[in-house]
Amino acid sequence: MEVRGPAPKVGVGVFVMKDKKTLLGKRRSSIGDSTFALPGGHLEFGESFEECALREVKEETGLDINKIEFVTVTNSVFLDEPKPSHYITIFMRGELVDSQQEPRNLEPNKCDGWDWYKWGDENIPKPLFKPLQILVDRGFNPFAAEENL
Ligand code: 8DG
Ligand code: MG
Ligand code: MG
């Protein structure tokens, strides 16, 4: 196949679980602007998926998570975006260390703010970031991730 762009990048998205809810925020980015997405970011050199999930959630929301585990992966090609790109996205999930801890919007240039939403609920905010919409369309449930593999 002809190579038309840079190598795909690795993203990590994190389902932060609280009761039956997960954390979403409206993106401010050249990819998926104004869509609702999970906290997450780019895998850094030498990092494990768990380390990346822990670090990005802390950097973006201030939340401390544990029991971090892999749930699924997507191959997302964004050709129609202002900055065309290709991501392999590793989806992880984790639980709050302190169930009373609330998220803070620590990168307001990248996100309008964080809130808890029931997954699969019709109240889930729209539009979702494309890789998340793909998961919804697959019937994916982050709370029952073993059954999705
Ligand atoms: P960084 O500088 O902190 O490493 O990066 P970031 O600015 O936080 O990156 P990001 O765009 O939030 O995440 C990196 C990529 O991961 C994103 O461009 C595409 C991919 N990605 C998905 N789904 C999701 C998702 O639900 N949330 C986040 N944050 N990223 C996702 O494919
Ligand atoms: Mg980040
Ligand atoms: Mg991010």
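Side-chain atoms are counted along with the backbone in the values below, which use heavy atoms only and exclude waters and symmetry mates. Small disclaimer: the values here were computed from a predicted structure and weren't measured. Note that ligands are numbered from 1 as they come in the structure, with each ligand's atoms numbered from 1 the same way.
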Evaluate whether atom [atom1] of [X] has more than 12 neighbouring non-hydrogen atoms of other residues, nucleotides or ligands under 6.0 angstrom away.
| X | atom1 | result |
| --- | --- | --- |
| Phe78 | CZ | yes |
| Asn66 | CG | yes |
| Lys21 | NZ | no |
| Lys58 | NZ | yes |

Task: Where Met92 and Ile68 come nearest, the two heavy atoms and their spacing - done: CE-CG2, 3.9 Å
Mind checking whether [X] has an N or O less than 3.5 Å away from an N or O of ligand 1?
| X | result |
| --- | --- |
| Leu38 | yes |
| Glu60 | yes |
| Phe78 | no |
| Ser76 | no |

Provide, to 0.1 Å, the distance between [atom] and the closest protein heavy atom, together with that atom's residue and name.
| atom | value |
| --- | --- |
| atom 20 (C) of ligand 1 | Thr89 OG1, 3.5 Å |
| atom 5 (O) of ligand 1 | His42 ND1, 2.9 Å |
| atom 12 (O) of ligand 1 | Gly40 O, 3.1 Å |
| atom 15 (C) of ligand 1 | Tyr87 CE2, 3.4 Å |
| atom 3 (O) of ligand 1 | Glu56 OE2, 3.0 Å |
| atom 31 (C) of ligand 1 | Phe129 CE2, 3.5 Å |

Task: Identified side-chain contact (heavy atoms from CB on, under 4.5 Å) partner of Thr89 from the options Thr74, Leu132, Leu135 - done: Thr74
Task: Single hit among Thr35, Asp115, Leu128 for side-chain contact (heavy atoms from CB on, under 4.5 Å) with Leu24 - done: Leu128
Task: Heavy-atom nearest option to atom 13 (O) of ligand 1, drawn from Pro39, Gly41, Gly11 - done: Gly41
- [ ] Identify which of Arg27, Lys9, Glu81, Lys110 has a heavy atom lying nearest to atom 10 (P) of ligand 1.
- [x] Arg27
Task: Proximal ligand 1 atoms for Pro131, defined as those under 4.0 Å from one of its heavy atoms - done: 22 (C), 23 (N), 32 (O)
TODO: Kindly assign one of parallel, tilted or perpendicular to the pair Phe140 and Trp119, based on the angle between their ring planes and the thresholds 30° and 60°.
DONE: perpendicular
Task: Aromatic plane relationship, Phe91 with Phe15 - under 30° parallel, 30 to 60° tilted, over 60° perpendicular - done: tilted
Task: Transitive ILVMFWY side-chain link Val12 to Tyr87, under 4.5 Å - done: no
Task: Atoms of the protein (N/O/S only) found under 2.8 Å from the Mg ion (ligand 2) - done: Glu56 OE1, Glu60 OE2
Open item on the list: Can you tell me which residue among Lys26, Arg28, Arg27 is in a side chain to side chain donor-acceptor pair (under 3.5 Å) with Ser34?
Closed with: Arg28
- [ ] Go through Glu95 and Lys18 one step at a time and tell me if the salt bridge (Lys or Arg N to Asp or Glu O under 4.0 Å) criterion holds.
- [x] CA-CA 7 Å; Glu95 294 178 15; Lys18 176 176 169 153; over 6 Å; no
